[in-house]
Each structure stands twice: as structure tokens, then as C-alpha cells.
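Here the structure comes first, spelled out in C-alpha cells, and everything after it is commentary.
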Number of protein chains: 2
Amino acid sequence: MRKVFLFMNVSLDGYVADSANDISGFHNDFEAFSSDESQKVDTLLFGRNTYEMMKFWSTPQGAEMQPEVAKFMNATPKVVVSHTAFDPGWDKVTVISEDVVGSITALKNQPGQNILIMGSSNLCLTLIQAGLIDEFQILVNPVAFGAGISLFAGLPTKTNLTLTDTHTFKSGVVMLTYAPN
Amino acid sequence: MRKVFLFMNVSLDGYVADSANDISGFHNDFEAFSSDESQKVDTLLFGRNTYEMMKFWSTPQGAEMQPEVAKFMNATPKVVVSHTAFDPGWDKVTVISEDVVGSITALKNQPGQNILIMGSSNLCLTLIQAGLIDEFQILVNPVAFGAGISLFAGLPTKTNLTLTDTHTFKSGVVMLTYAPN
């Protein structure tokens, strides 16, 4: 079965975005993004809001800012979970609007490499409760927001995890990697 | 000038306590507490709520559970910040109820070793804004709470910090150490 793993920036105080849904306080550490060659990814999984932000990489500005990231984002098949069907406006996109858990379970059972979720905190909540996330890569940024949208907000029960790895980047970002218990 | 440093447990999602103000989800990693011999402490600093919890160490149950911790807590002078004067009910306690910033500044200027704040998130907010905390030791526990009291809740501006150290404990707790920018 293919591994689903989460790659998520958080502030030191546990926010995935500030109160204005702004994520510019994060380092967006591209060193972290590309550091682990063993994480072979052939599918990206997004919630709708994160998808709309990720479309930046389809623009000329995205290609100019980080050519390697833009190339990867454009070339890799993307799955978007959205309550309503919509025109994705980008290549290689599949939209899932019904039976999210069943559809992601089926995706995991298909042959292929790893599936990477970036951001998409609402979607993560659904997948955590269904036991569909195999690894959590949480990038703790050296900044306190003071308020915002908390990681895993709405998780109904305390959930223990197992720390499997840590890695410190030059930016001061620390990647904490966990497996579900 | 004496160093003031914070020792604070948080969940992976940035909470210092759950919604019921319960901190039993933390590992309370005594290995972490006693790991750094260089942190010579001769004064403990608490907010009122944390102080009431810490009084546990003055009881026979505290001495039985962790004799070394109880001995340290009983023997070390304690400073408690409280809006109202109160009878501390424990030895070696000074209560500060007025001019918190001035009083803590004066305490830092006295001769002596380091001053350790444990928990006390409301007090921390005041001290961060006054620039009185010299080091943050944040213990990220391998648990997601889903809801609760966020670290530094109410901090009015984004605050960048500088990562100075990381340490992983057997419990899966990771201590992230920061200096103010």
C-alpha cells in the first residue's frame, strides 16, 4: 500500500496560518522540501484552499521564483478534495467531491509511489480520523504568531504519536517526523 | 544580569493545556528537566495558576513521586506573580502583585544565578513583551490535543526567534531552545 505523508509548516505556537489566513511568516524551507530523496512522490494531495494557493506554481512568477519546485508541481499528478466539483484550471488534476475516505483508500491501494499532502488542514483532520496518514512531517518555524488557525483544529480526541526523526535546517526550521500510534 | 529562561511543555499543535486546563497529556519529562547541568537556577518564577499546581511538590505525595524534584522545589526560592496578594502556604515564597515588569527587572539585576519560569503562560506574555525572557526551552510532546490553551495566546504581534539548540529525549519529547531576536 502506498504511503500517505503530510508536510506541514507550523509556527512554534502551533498555527498553520495566522488569523488572516496568511502564511508569509513561514520560511517555506525549500531545503526541507527537497531534503529527503527517499520520499519518492508521484501524487500530490490537497484540500481546496491549499490547491488554490498551489496554483501559483503554474504561473510564470512561480517558475521564475523556484524553477525546480514549479517543474515538480506542474509535472506531478494532483488530487484535490473539494465539497463541490469545480474547474481545476491546471493540468493533471483529479477532483474528489464524494466519499473522501473511500476514494483516498482506493488511491492508496493503487500501485505507485508515495502520496504527499501539503498543508490542507481540514482534509488532514478527516484523514487522521480515518487512519489514512502514515507519516507526519511537521516543520516547526522559529516564529510565534500569537493567534491563528491551529494545526489539527477540531480533532475530537487527544492523539498520541511516535517521534521517528528530527532534522534541523539552516533557516532554524526543525522538521519533526511522527508515525501514528 | 541574571538570565530568565522558560521551560514549557506544549503539544505538537501548540497547546500548553487542553480545553479543560488539563496537562496530564504531557510526558513531564524529568530527564529533560534535569538534563542541562549548566543551567544553574537559584530562583523559580511562576504565575498564580502554575504556582498552585506546583504546590503539589510540598505534599507527601510529591515527595514520594519524585523525591529529587520535590527536594529542589522545596529548597529553591520561589517568586509568584499574582494580581492580588495571597497567603502562599509554602516556604521561601515572595509574592509580586504590583509593577511586574519593574519587579522582575530588579530581580534580574540582583546578583545570583539563573531564574527559571515553568509554565505560567499569562506571565510569559507580559515578560516577552517587556523583553525580559532570555531563553525559551519549548518541550514539544508527541501528542495532538485538537483544542486547548495555545502557547503565547494573545501575543499581539508575530515574534521571530532564533533557534539555538535541539534535544530529543527517549520519551519522544523534543526540546527546542530559542533566543529572542
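All values below come from the heavy atoms of this structure, side chains included, with hydrogens, waters and symmetry mates left out. In what follows, every chain begins at residue 1, and chains take the letters A, B, ... in the order their sequences are listed.
Shortest non-hydrogen contact noted between A:V41 and A:L44 is CG1-CD2, 4.2 Å.
For residues 13-21 of chain A, a heavy-atom distance under 4.5 Å to chain B picks out A:D13, A:G14, A:Y15, A:D18, given by residue number.
Among B:L176, B:T159, B:L155, the residue with the largest count of heavy-atom pairs under 4.5 Å with chain A is B:T159.
Of the two parts of A:T157, only the backbone, made up of N, CA, C and O, holds a non-hydrogen atom closer than 4.5 Å to a non-hydrogen atom of chain B. Interface residue B:T166: only side-chain heavy atoms are found under 4.5 Å from chain A. Contacts between B:Y178 and chain A at a heavy-atom distance below 4.5 Å involve the side chain alone, from C-beta outward. Residue B:L125: no heavy atom, backbone or side chain, is found under 4.5 Å from chain A.
By the 6.0 Å contact criterion, CD on B:E64 is open, its count of non-hydrogen atoms from other residues, nucleotides or ligands being 12 or less.
A donor and an acceptor atom, one from each side chain of A:N181 and A:T162, are located under 3.5 Å apart. Checking B:Q137 against B:E135 by side-chain atom types alone, a donor-acceptor pair falls below 3.5 Å.
A:D134 places a side-chain N or O within 3.5 Å of a backbone atom of A:V4 that can act as its donor or acceptor partner. The backbone N or O of A:V81 sits nowhere less than 3.5 Å from a side-chain atom of A:R48 that would complete a donor-acceptor pair. A distance-only check finds a donor-acceptor pair linking the side chain of B:N141 to the backbone of B:L139 [under 3.5 Å].
A salt bridge does not link A:D91 with A:K78: every distance from a Lys NZ or Arg NE/NH1/NH2 to an Asp or Glu carboxylate oxygen is 4.0 Å or more.
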